[in-house]
Amino acid sequence: MTWDRYHRYVGDCRRADGASVAGWMVEHGHALDWPRYSNGAYRPQQAKAKAAKVGLWVGKFDAPWDWRASHGDGAGPSSQPLGIISRKLVAQSGGLSCEPRRYCSQISSCEDAQWYLHNCAWGRKLDRDDDGVACETLC
């Protein structure tokens, strides 16, 4: 734990099982690894999220540090819509949709099961033993 250049306290939060919260967030596409500060500590988790196209990686975006670098004039973000309107639209991909709710018996492949696990609010119920693999009978 340390202080950053803005005098903010910086630490690594851990879950009860010892896993890094930041690592989990990056792995599930809810955050980015900023190598400038992490020295690439979360590079493997980010590569996994990017390859699986989960979270942020479902669509296109500019990394915040890249956006700020290209908008040094202090201008705010564009008023143009991002094209992502709701969780339902974000979750619709490759013919898959989070609605209606699904069960392992309704899923035909391991790949689809993993997509539901990582992209749908109810997807965690597909991973009963919490090992990161949905519908083990398919995988």
Side-chain angles (χ1 to χ4, degrees):
M1 301 203 206
T2 186
W3 295 91
D4 72 5
R5 67 182 179 163
Y6 300 105
H7 307 289
R8 296 175 298 199
Y9 192 64
V10 179
D12 186 17
C13 296
R14 301 234 166 231
R15 300 185 325 194
D17 64 1
S20 166
V21 172
W24 183 93
M25 290 178 65
V26 171
E27 184 173 341
H28 290 86
H30 300 300
L32 298 175
D33 177 26
W34 192 355
R36 177 177 175 183
Y37 293 103
S38 73
N39 294 314
Y42 308 109
R43 185 178 297 125
Q45 293 93 331
Q46 184 160 296
K48 182 178 178 183
K50 188 174 182 179
K53 294 184 181 304
V54 296
L56 294 165
W57 302 103
V58 168
K60 294 180 181 178
F61 65 93
D62 291 327
W65 48 90
D66 292 337
W67 189 91
R68 285 191 297 269
S70 65
H71 293 81
D73 57 5
S78 166
S79 61
Q80 296 211 354
L82 297 175
I84 297 174
I85 299 168
S86 71
R87 183 182 187 119
K88 178 180 176 184
L89 291 177
V90 170
Q92 292 175 341
S93 168
L96 300 177
S97 171
C98 289
E99 293 181 12
R101 298 190 189 279
R102 298 186 182 244
Y103 301 91
C104 290
S105 62
Q106 299 171 304
I107 299 172
S108 60
S109 73
C110 179
E111 181 180 283
D112 288 359
Q114 290 303 106
W115 188 90
Y116 291 119
L117 174 67
H118 295 291
N119 292 286
C120 301
W122 51 266
R124 290 187 55 112
K125 74 178 184 175
L126 300 175
D127 182 12
R128 292 181 182 230
D129 59 3
D130 201 30
D131 65 351
V133 179
C135 303
E136 276 86 355
T137 57
L138 294 172
C139 297

When every non-hydrogen atom of Gly23 is compared with those of Ser20, the smallest separation belongs to N-OG, 3.0 Å
Between Pro64 and Leu32, the two heavy atoms sitting closest are CD-CD1, 3.7 Å
Residues 27-41 vs salt bridge (Lys or Arg N to Asp or Glu O under 4.0 Å), sequence neighbours excluded, gives Glu27-Lys48
By side-chain contact (heavy atoms from CB on, under 4.5 Å), Leu117 pairs with (sequence neighbours left out) Gln114, Asp127, Ala134
Taken in chain and number order and not counting sequence neighbours, the residues that satisfy side-chain contact (heavy atoms from CB on, under 4.5 Å) with Arg15 are Asp17, Ala19, Val21, Trp24
When every non-hydrogen atom of Pro44 is compared with those of Ala41, the smallest separation belongs to CD-O, 4.2 Å
Contacts of Trp34 meeting ring-ring contact (aromatic ring centres under 6.0 Å, His included) (sequence neighbours excluded), chain-then-number -> Tyr37, Trp65
Same cluster (ILVMFWY, side-chain, under 4.5 Å), Val133 and Leu126: no
ask   = Parallel, tilted or perpendicular for His28 and His30, by the 30°/60° rule?
value = parallel
Those residues at least two apart in sequence (or on a different chain) that pass side chain to side chain donor-acceptor pair (under 3.5 Å) with Asp130 are Arg124
Residue set satisfying side chain to side chain donor-acceptor pair (under 3.5 Å) with Arg14, at least two apart, ordered chain then number -> Asp12
### Query
Just wondering, more than 12 heavy atoms not from Glu136 lying within 6.0 Å of its CD?
yes
ask   = With a 4.5 Å heavy-atom cut-off, do Trp67 and Phe61 have their side chains touching?
value = no
When every non-hydrogen atom of Tyr42 is compared with those of Ala22, the smallest separation belongs to OH-CB, 3.6 Å
CZ of Arg128 to SG of Cys104, rounded to nearest 0.5 Å, is 7.0 Å
Requested in this report: For the residue pair Cys135 and Asp112, establish whether any side-chain heavy-atom pair is separated by less than 4.5 Å.
Outcome: no
Do Trp115 and Leu138 belong to the same hydrophobic cluster, where Ile, Leu, Val, Met, Phe, Trp and Tyr are linked whenever their side-chain heavy atoms lie under 4.5 Å apart, directly or via other members?
yes
All heavy atoms of Gly29 vs all of Trp57, minimum pair found to be CA-CD1, 4.2 Å
Open item on the list: Do Tyr103 and Lys125 make a side-chain contact, defined as non-hydrogen atoms from C-beta onward lying under 4.5 Å apart?
Closed with: yes
